[in-house]
Trainee: 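The structure is given below, and queries will be raised subsequently.
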Amino acid sequence: MEFFDSHCHPQFPHYDKDRDEVIKHALKESVFMICIGADLETSKKGIELAEKYEGVWATAGLHPTAIPQQKDFDSKTYEKLLNSEKVVGFGEIGLDYYRTEKIEDQEFQKQKFKKQLDLAVKIDKPLVIHCRDAHLNMIQLIRNYSLRGVIHSFTGTLEEAKKYLDLGFYLGFNGIITFAKQYDEIVKYAPLENILLETDAPYLTPLPFRGKRNEPAFVKYIAEKIAELKSLSYSQVAEKTSENTKKLFNL
Ligand SMILES: [Zn+2]
């Protein structure tokens, strides 16, 4: 049985002391992974890991809350990174109104995101979308493009989930569903064909390890929870979500 952690950050400083052990441990447990970039530095570091290990891939992106520090979205530099061999997706990119309260700052995020979507059309790689408290704006924007991708760490409503599914997007679920009941209904509703497993490690550690640092190997607990909620077998969930990840990211 194999598993895919479609969204993790082993390149983050949280793993400076034991990065190789964490990755090797996951691979030994047949957990493959995509290292998601959140800015230029972490995108480059993720690509280095992907180049070092078989079964590890990377994305390049700029998290919406990292945009002010980087001042702008540098399309040229990102285009180069996105064309590297082991880069399989563009993200995380998106909108985060939870941590950006001022309307003018939200507008700025939207402008940058549009610039990113234009680049996405050009490079033709799937999107890894971060979206918090901004789903209506997100849906309005991506609807204008014909793009594919995943809404990572989905925490919207059932209505919003339906809209993304109608657009052909995947929903990424992580440790949140092991400790927050409000997403049960959405996990039950979403077809398994549209679900990706993720950890978002080092964050959002699933039960029974909540409070500890997260790691890609823990993706198995997400598979277990989805199997329980959808009354499916653990192996069905592992198999289908692995297939989904390979299909979306062309692995
Ligand atoms: Zn993330």
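Order of appearance sets the numbers: ligands from 1, and atoms from 1 within every ligand.
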Trainee: Backbone or side chain, does His7 get an N/O/S atom under 2.8 Å to the Zn ion (ligand 1)?
Mentor: yes
Trainee: Identify, by name, the N, O or S atom of Asp200 lying closest to the Zn ion (ligand 1).
Mentor: OD1
Trainee: Hey, which N, O or S atom on Glu92 ends up closest to the Zn ion (ligand 1)?
Mentor: OE2
Trainee: Do Arg19 side-chain atoms and Pro10 backbone N/O form a donor-acceptor pair below 3.5 Å?
Mentor: yes
Trainee: Counting backbone and side-chain atoms alike, does His9 have an N/O/S atom under 2.8 Å from the Zn ion (ligand 1)?
Mentor: yes
Trainee: Given the rule that I, L, V, M, F, W and Y join up when any side-chain heavy atoms are under 4.5 Å apart, are Ile93 and Val121 in one cluster?
Mentor: yes
Trainee: Quick check with a 6.0 Å cut-off and a 45 degree axis cone: is Lys162 positioned over the face of Tyr189's six-membered ring?
Mentor: yes
Trainee: Establish, yes or no, whether a centroid distance under 6.0 Å links the rings of Phe218 and Phe3.
Mentor: no
